[in-house]
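Please read all numbers here as calculations on a predicted model, not as lab measurements. Below, read A as the first sequence line, B as the second, and so on, with proteins coming before strands; counting in each chain starts at 1.
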Protein chains: 2
Amino acid sequence: MAGRSSTPGRSVTSRALAVLGAFDTGAPRLSLSEIAERSAMPLTTVHRLLGELTDWGALQRRPDGRYEIGRRLWDLGLLAPVQLELRQVAAPFLLDVHTATRDTVHLAVREGRSALYVERVSGRESVPVVSQVGSRLPLHATAVGKVLLAAAPEDVAEAVLRAPTRETRHTIVDPGRLRREIAEVRRRGYARTAEEMSLGTLSVAVPVRVERPAGPAVVAALGIVVPSHRRDLLRLVPVLEVAARGIGRELARAQPFH
Amino acid sequence: MAGRSSTPGRSVTSRALAVLGAFDTGAPRLSLSEIAERSAMPLTTVHRLLGELTDWGALQRRPDGRYEIGRRLWDLGLLAPVQLELRQVAAPFLLDVHTATRDTVHLAVREGRSALYVERVSGRESVPVVSQVGSRLPLHATAVGKVLLAAAPEDVAEAVLRAPTRETRHTIVDPGRLRREIAEVRRRGYARTAEEMSLGTLSVAVPVRVERPAGPAVVAALGIVVPSHRRDLLRLVPVLEVAARGIGRELARAQPFH
DNA sequence: CTCCCTGCTTCCGACCACCGGAAGCGATCG
DNA sequence: CGATCGCTTCCGGTGGTCGGAAGCAGGGAG
């Protein structure tokens with residue numbers, strides 16, 4: 001760039017993106033000086049970039065002077081493949097499961113070593129919410145996570161199993177036991193958890209498979225969460241399976257391959 | 001910027017944003033040369049910017065070489081106020097209405113002279129879909145639109161009423177008749193349409209109000225769409241009203257003012 | 001097999017848009 | 001009323017950026 005840059009070698013674009021990167025779930029509304037701090041850039045520079053981003057509609061300014069994500073970025077986000085392909089196809093099926101069971105249903109994909117929650121249907125909150133659309137939870141402590149873990153490439157599974165975090169006192173952190181559990185998920189075709197991520201809840205999940213030239217591939221996991229006093233958890237597995245197959249079939253139709 | 005720029009005076013940031021702006025609903029996956037064309041920039045320049053945007057995660061590259069919106073932009077989109085405040089609060093209420101009626105329910109806000117659809121719940125499609133989350137439809141031809149129009153500032157309403165587009169053969173395009181209809185919406189507290197936007201469907205909608213220091217403000221519209229052979233449309237108004245009040249109350253609690 | 005075409009990637013020198021400290025401004029607080 | 005805090009405006013020196021040209025890869029025609 002130019003001028004007496006104190007951090008030479010940094011492109012303008014990367015700075016603009018750093019401004020956007022200052023926003024996250026914990027900080028969705030930020031003032032100029034907060035953004036400058038979070039992005040580690042001079043206040044003046046941030047000010048100029050904010051002007052351009054706001055003009056375009058990437059950000060917008062609130063009456064109180066803070067900035068927040070603008071409509072234009074919301075629009076763009078709707079074009080992301082998770083949203084456009086997976087969510088739109090899956091949403092009606094999640095609704096079906098919810099209608100049949102009245103419990104919280106959600107759909108997740110694997111992103112690196114986390115389960116990324118892509119869609120969620122829940123009525124008035126009967127169970128405390130740990131997962132929200134867009135949140136990432138560990139693969140080894142959730143039912144959807146275990147399903148995704150069982151289908152993950154060897155190196156990812158290895159990395160997760162080596163150092164599992166403890167989320168509650170029931171989280172399985174013994175690599176050997178986790179490994180056996182994952183093997184069982186593969187064999188049985190579903191995964192379950194009992195208060196391993198949040199106390200007071202049980203969960204089951206099944207894989208969503210899509211037929212590919214190279215054989216079926218697990219592209220997502222469909223799970224349901226219930227309060228832990230429920231005893232009939234496994235009764236839900238067939239319901240989930242029906243929905244998961246429906247999603248898989250629709251996906252295969254929507255995107256012939258790839 | 002620098003170099004033998006053929007369009008001097010254009011900032012780097014605006015170019016990066018122009019690349020993002022090349023993506024829209026009709027073109028969610030683009031190749032390098034398509035983006036260059038759509039953004040009216042030299043191929044080389046676009047190539048460089050794409051590299052940076054992809055590295056950051058704003059875009060991602062598909063196996064076939066095209067680009068699409070990346071996870072990181074999807075994430076940011078989730079932080080937009082429509083999503084974070086309105087949608088999240090409203091979703092359970094839409095679900096309730098859907099459960100009670102089995103019809104397609106949606107929530108829209110006014111954006112300029114359009115109704116922007118913010119959330120939608122529909123089971124397996126019984127009615128052809130014109131509205132999707134993120135789509136914009138005219139204010140004068142949809143039930144949610146009429147509700148929003150009835151609450152819009154005078155200049156906006158004036159502009160819409162002056163030149164209403166014809167969507168179907170039932171669309172009301174006579175300014176005088178539209179004006180009377182809007183007045184009636186204000187009086188009765190709900191709006192309806194009969195095949196004015198898409199043939200074969202009827203719709204009713206009610207306003208979602210939030211208490212403000214300056215009195216109640218209409219922040220959104222809640223509507224329901226049914227096939228046109230249904231005769232009991234107005235029976236749905238009280239159901240919508242209950243849900244709309246619930247949403248309004250939750251919103252007021254979530255954002256004490258503003 | 002070779003040639004041509006299309007679309008993407010790499011290279012690099014001239015140049016001007018960008019950087020950010022400094023100063024100004026308006027609101028809030030003690 | 002002076003001090004402080006946060007935002008906005010100003011402006012000169014310079015290194016990041018621009019984009020034509022050339023190289024490369026893949027695929028289709030002859």
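As a whole-Å value, the separation of B:Met41 CE from D:dT17 P is 14 Å. Counting to the nearest Å, the P atom of D:dC5 and the CG atom of A:Asp64 are 20 Å from each other. Following rounding to the nearest Å, A:Leu49 (CG) and C:dG20 (C1') show an atom-to-atom distance of 12 Å.
Side-chain N/O atoms of A:Thr44 include none lying less than 4.0 angstrom from OP1 or OP2 on C:dG21. At least one side-chain nitrogen or oxygen of B:Arg15 sits closer than 4.0 Å to the OP1 or OP2 atom of D:dG19.
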Might you list the N or O atoms of the protein lying below 3.5 Å from N or O atoms in nucleotides 6-8 of chain C, with each pair's distance?
{"unit_1": "C:dC8", "atom_1": "OP2", "unit_2": "B:Ser33", "atom_2": "N", "d": "3.1"}
{"unit_1": "C:dC8", "atom_1": "OP2", "unit_2": "B:Ser33", "atom_2": "OG", "d": "2.4"}

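Contacts of A:His106 classified as ring-ring contact (aromatic ring centres under 6.0 Å, His included), with partners at least two apart in sequence or in another chain: A:Tyr117. Legend: residues meeting side chain to side chain donor-acceptor pair (under 3.5 Å) with A:Arg209, ordered by chain and number and at least two apart, are absent. By the side chain to side chain donor-acceptor pair (under 3.5 Å) test, A:Arg166 is found to be paired with no residue, residues two or more places apart in sequence or in another chain being considered. A:Thr13 is linked by a side chain to side chain donor-acceptor pair (under 3.5 Å) to B:Glu52, counting only residues two or more places apart in sequence or in another chain.
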Pair A:Leu107-A:Val208, side-chain contact (heavy atoms from CB on, under 4.5 Å): steps then yes or no: CA-CA 9 Å; A:Leu107 185 77; A:Val208 175; 4.2 Å; yes
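Annotation: side-chain hydrogen bond (donor to acceptor under 3.5 Å, both in side chains) contacts involving residues 38-47 of chain B, sequence neighbours excluded, comprise B:Asp24-B:Arg38.
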